[in-house]
Amino acid sequence: MIHTPLCDLLGIQYPVFQGGMAWIADGKLAAAVSQGGGLGIIAAGNAPGDYVREQIQIAKSLTDKPFGVNLMLMSPFADEVAQVVAEEKVAVVTTGAGNPTKYMAQWKEAGVKVIPVVASVAMAKLMTRLGASALIAEGGESGGHVGELTTMVLVPQVCDVTSLPVIAAGGIADGRGVAAAFMLGACGVQMGTRFLSAEECSIHPEYKNRILKATDLCTMVTGKKTGHPVRSLRTNFPREYAKAEFGGVDEATLDEMATGRLRLAVEEGDLEKGCFLSGQVAAMVKKIQPAEEIVRDVIEGAEPILKGAMKWVR
Ligand code: TUI
């Protein structure tokens, strides 16, 4: 059995988070992961507060276990979603794609545990000082908005500057990844791409298909020029976008080009115009299965590796 301080902090059975994937991670998926003993997380993405409140109600109707909400800090609705999180007193809020400092006091007052994604050592230090409950150290192997450092390099450096529990994210999809994360000093993991294949994940079947068919070099990063690099499957749209980016198209036009592309992937499975966000681990996702089974699978996969870790030590 794997039990870490993160399990005690949050009252969860397994130290496994499901990443807050915009347009994808709804109340139904989050509840399924939490029911399975992990921590399910509802993604606010660019949605308004009302949508988030509705998804929180759905999750509450499906599970008594704790779950979280992810606030995407670049959202135009960030302020109102932050308010909803405090009002609904969700167990955990995670943040992504920016600096959540201005909301920390409000959430802590409401008794919400704040677990920011940090992509650098400086951010890890700042969030520790401001009273975060734990930190998610997410490397650039992940899907969606990516930082500069890899998980292998970021996690130990974050562990060195904080005494908070560290959750490793980016590049983890099975028991080997979980075991490796623990070796780097993490006491929990967050996975996004692996949960795209969950039965309870409501994305278009073509999206799941593409993940299941992916091979090692199937993802690419676009948007470095605008300062918001994003990893997705190498389909038609990101290829076209990359051409525009390197062809000197101005930033406003690039932003306009990108608008609405994730929705086209998630809801319509549009292979021409959609942007299918995915981490580098897509090729390691092999089958569609219940979320609960995914949580158990990665934990049970990690156990023998961790127990056997001494075999080469004399
Ligand atoms: O946020 C994510 N993944 C996302 S957000 C998203 S929506 C989006 N689309 C286009 C452009 C930008 C966003 C799609 N996928 N993951 C968590 C994450 N956070 N990864 C990296 C970071 C991060 C980066 C910089 C966190 C903090 C940070 O600090 C910035 C600062 O202010 O110092």
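Side-chain atoms are counted along with the backbone in the values below, which use heavy atoms only and exclude waters and symmetry mates. Note that ligands are numbered from 1 as they come in the structure, with each ligand's atoms numbered from 1 the same way.
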J.: Is it true that a side-chain atom of Arg231 and a backbone atom of Gly279 form a donor plus acceptor pair closer than 3.5 Å?
T.: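 No, the answer is negative, given that no donor and acceptor are paired below the 3.5 Å cut-off.
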J.: Begin from the C-alpha positions of Arg53 and Glu87 and carry the test salt bridge (Lys or Arg N to Asp or Glu O under 4.0 Å) through to its verdict.
T.: CA-CA 9 Å; Arg53 205 186 293 277; Glu87 283 169 12; 2.8 Å; yes
J.: Run the numbers for me: atoms of ligand 1, each under 4.0 Å from some heavy atom of Gly96, listed by number.
T.: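 The atoms of ligand 1 under 4.0 Å from a heavy atom of Gly96 are 1 (O), 17 (C), 19 (N).
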J.: Among all protein non-hydrogen atoms, which one is nearest to atom 19 (N) of ligand 1, and what is the separation to 0.1 Å?
T.: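 For this ligand atom, the closest protein heavy atom is Ala97 N, 2.9 Å.
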J.: If you define the side chain from C-beta out and look only at heavy atoms, does anything of Leu277 sit under 4.5 Å from Val230?
T.: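 Yes, at least one pair of side-chain atoms sits under 4.5 Å.
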J.: In this structure, are over 12 heavy atoms from other groups packed under 6.0 Å from Asp250 atom CG?
T.: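 For Asp250, atom CG is crowded (more than 12 foreign heavy atoms under 6.0 Å).
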J.: Among Leu73, Asn99, Leu71, which residue places a heavy atom closest to atom 32 (O) of ligand 1?
T.: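 Result: the heavy atom closest to atom 32 (O) of ligand 1 is in Asn99.
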J.: Would you mind running through ligand 1 and noting each atom that sits below 4.0 Å from a heavy atom of Val230?
T.: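 Contacts of ligand 1 toward Val230, numbered from 1: 10 (C), 11 (C).
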J.: Mind checking whether Gly98 has a heavy atom under 4.0 Å from ligand 1?
T.: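 The answer is yes, since Gly98 has a heavy atom less than 4.0 Å from ligand 1.
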J.: Can you give me the closest heavy-atom contact between Ala25 and Ile41, atom names plus distance?
T.: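 Here Ala25 and Ile41 meet closest at CB-O, 3.3 Å.
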J.: So, do Phe195 and Val295 sit near enough that their side-chain heavy atoms are less than 4.5 Å apart?
T.: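 Contact flag for Phe195/Val295 side chains = yes.
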J.: Where the closest heavy atom to atom 18 (C) of ligand 1 is concerned, which of Asn46, Val117, Thr101 has it?
T.: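 The residue whose heavy atom sits nearest atom 18 (C) of ligand 1 is Val117.
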J.: Which option wins on minimum heavy-atom distance to atom 14 (C) of ligand 1: His145, Met21, His228?
T.: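 Selected option, by shortest heavy-atom distance: His145.
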J.: Within ligand 1, which atoms have a heavy atom of Gly144 less than 4.0 Å away?
T.: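 Those qualifying, in numeric order: 14 (C), 15 (N).
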J.: Nearest to atom 17 (C) of ligand 1 by heavy atom, Met127, Met74, Met72, Glu138: which?
T.: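 Selected option, by shortest heavy-atom distance: Glu138.
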J.: Is the CD atom of Glu303 crowded by more than 12 outside heavy atoms at less than 6.0 Å?
T.: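 Check passes, neighbour count above 12.
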J.: So, is Val118 polar-close to ligand 1, with some N/O to N/O distance under 3.5 Å?
T.: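 Not met; the criterion fails.
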J.: Considering heavy atoms of the protein only, find what lies nearest to atom 33 (O) of ligand 1 and give residue, atom and distance to 0.1 Å.
T.: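 Going atom by atom, the protein heavy atom closest to atom 33 (O) of ligand 1 ends up being Met123 CE, 4.0 Å.
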J.: Tell me which one of Thr193, Thr151, Thr219, Thr150 satisfies side chain to side chain donor-acceptor pair (under 3.5 Å) with Glu141.
T.: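 By the side chain to side chain donor-acceptor pair (under 3.5 Å) criterion, Glu141 pairs with just one of Thr193, Thr151, Thr219, Thr150: Thr151.
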